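By convention in this document, chain letters (A, B, ...) are assigned in the order of the sequence lines, proteins followed by strands, and residues within each chain are numbered from 1. All values reported here derive from a predicted model rather than from experimental measurement.
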2 protein chains.
Amino acid sequence: MAEKPAIRDAIRTQEKILAAAQAEFARRGYDGARVDAIVARAKVSKNLLYHYFRGKEDLYIRILERTYETLRRRQSDVPVNGLDPLSAMIRLCENTFRVFVEEPDVIVMLNTENLYRARHIAKSTIIRSMYDRLSENLREILRAGEEQGVFRKGVDPVELYISISGLGYFYLSNQHTLSMLFNRKLSAPENIEHRQAHLVDMVISYLTRQPEPGDWTPELAR
Amino acid sequence: MAEKPAIRDAIRTQEKILAAAQAEFARRGYDGARVDAIVARAKVSKNLLYHYFRGKEDLYIRILERTYETLRRRQSDVPVNGLDPLSAMIRLCENTFRVFVEEPDVIVMLNTENLYRARHIAKSTIIRSMYDRLSENLREILRAGEEQGVFRKGVDPVELYISISGLGYFYLSNQHTLSMLFNRKLSAPENIEHRQAHLVDMVISYLTRQPEPGDWTPELAR
DNA sequence: TACTAAACTAACCAACTAGTCCAACAAGGA
DNA sequence: TCCTTGTTGGACTAGTTGGTTAGTTTAGTA
């Protein structure tokens, strides 16, 4: 119980192990991660890890669940209620991007899970029910915007969410190769800022465009 | 023993090994890939692999170089010359997306390389000089569009390229987790088609928007 | 036919990896 | 003092893994 020593505190110790595991998985992916490295990071004995957790995969799934929890929590706590649709959408875009910027571990975890074709998520029933609120939120903003005539009609919320995410996600997840290719340090704060503005600009441009006769429309692409 | 051809053909054998390596790396990532699995896929002895290649990492770098070569080749062979800027841009968007759709290995290779923070690319001087042409191409389309008044002014080509890629890349790279989350099979052909149209729509909306006084602009985001 | 270089293989190894077992110790509450 | 819980240490195993050694087969050629 004594705060200072933090010794012999089962919960805190488990937390330490989980934190170490997250760092390790986020750095090396599932296969690259080493259990020994996790216990070294957590500064506990290997036995203790196996005392509290079933093993590497169990630990991984826990971290994955935490990842989605972080994602959902941070994306859902947008106070969009009361805002006009445009402001709400901008807020939602910025928030989505900010999560990826501030929680970079999330990106590697998602990448890793996709490499495994969402095998672990399929097992975890908790995760799959998480996105309803976000989805509903987005739908509501779109509906209001459409009603007020500021947004175009018939926007697919799922497609839009994927676009909002993708515009930020790709920039960050592939920053190392892209920085090399374009000789521009994408992780620099001013570039991150710039990307955020670009992302919002893109989404708002898309939503506010009212296709006029003669304009290009997706149908012409065929 | 005597198949018809293809026996004792050094070049073809190396090609077989490389193809097997690509399949394996693209399926499991670097750490997940097994040398034994590669030789099994290629149906050669393990030693032959080590006869032609220095080892796992060497093989990986070769595949990575091939990946970028594919990417560059398929992105650069857009015959945009002679097209009006709008058509050229649409063509470029579709092409970029098509590469990711038709060469899914590329995505995993890029993800893997980013997990390693572009360590291998840094070594490979070939790759880094590849993107100049694409960059120049894009710049030219933007310039022409701007001149003709169909595109907005001052678009950053790098930022735009990242957006075009990201809109398609994220959809595909994270298709497994997203499909689960939104209960929609993103890999279904009709959904792929739909996404392509959405991608183009988004990019064109962004480029053709001429901000008017009173409109939202990125500066308002601060 | 004899020879050689290149193509190819089976078997093996040393290092590593996840996970286990067991005996013991340390801290605090009853 | 005893008991429960948290924790460590070290030795150990069973299975993998990347890589090697020591050798055989085949095709071309002198």
In whole angstrom, give the distance that lies between atom [atom1] of [X] and atom [atom2] of [N].
X	N	atom1	atom2	result
B:K16	C:dC8	NZ	P	7 Å
A:I38	C:dT17	CD1	P	12 Å
B:H51	D:dT21	NE2	C1'	15 Å
A:R28	C:dT17	CZ	C1'	15 Å
B:K43	C:dC8	NZ	P	15 Å
B:E24	D:dT17	CD	P	10 Å
A:I17	D:dT7	CD1	C1'	10 Å
A:L48	C:dA24	CG	C1'	15 Å

Side chain proximity check, B:Y169 to B:N174, heavy atoms < 4.5 angstrom: no

Five-pair end axes of the helix from C:dT1-D:dA30 to C:dA30-D:dT1, angle between them (10°): 10°

Residue pairs, two or more places apart or on separate chains, that pass salt bridge (charged side-chain N to carboxylate O under 4.0 Å, His left out) and touch residues 156-182 of chain B: A:R184-B:D156, A:R195-B:E159

Pairs touching residues 99-115 of chain B that satisfy salt bridge (charged side-chain N to carboxylate O under 4.0 Å, His left out), sequence neighbours left out: B:R74-B:E102, B:R74-B:E103, B:R98-B:E102

Nucleotide-resolved protein contact map, nucleotides 18-23 of chain C, B/S/- at heavy-atom distance under 4.0 Å: BBBBB-

Please name all residues satisfying ring pair (Phe, Tyr, Trp, His ring centres under 6.0 Å) with [X], sequence neighbours left out, ordered by chain then number.
X	answer
A:Y206	B:H198
B:F151	none
A:F182	B:Y131, B:Y161
A:Y171	none

Phosphate OP1/OP2 of C:dC8 contacted by B:T13 side-chain N/O (<4.0 Å): yes

B:K56 NZ/CZ over B:F25 ring centroid, <6.0 Å and within 45° of normal: no

Residues forming a side-chain contact (heavy atoms from CB on, under 4.5 Å) with B:A19, sequence neighbours excluded: none

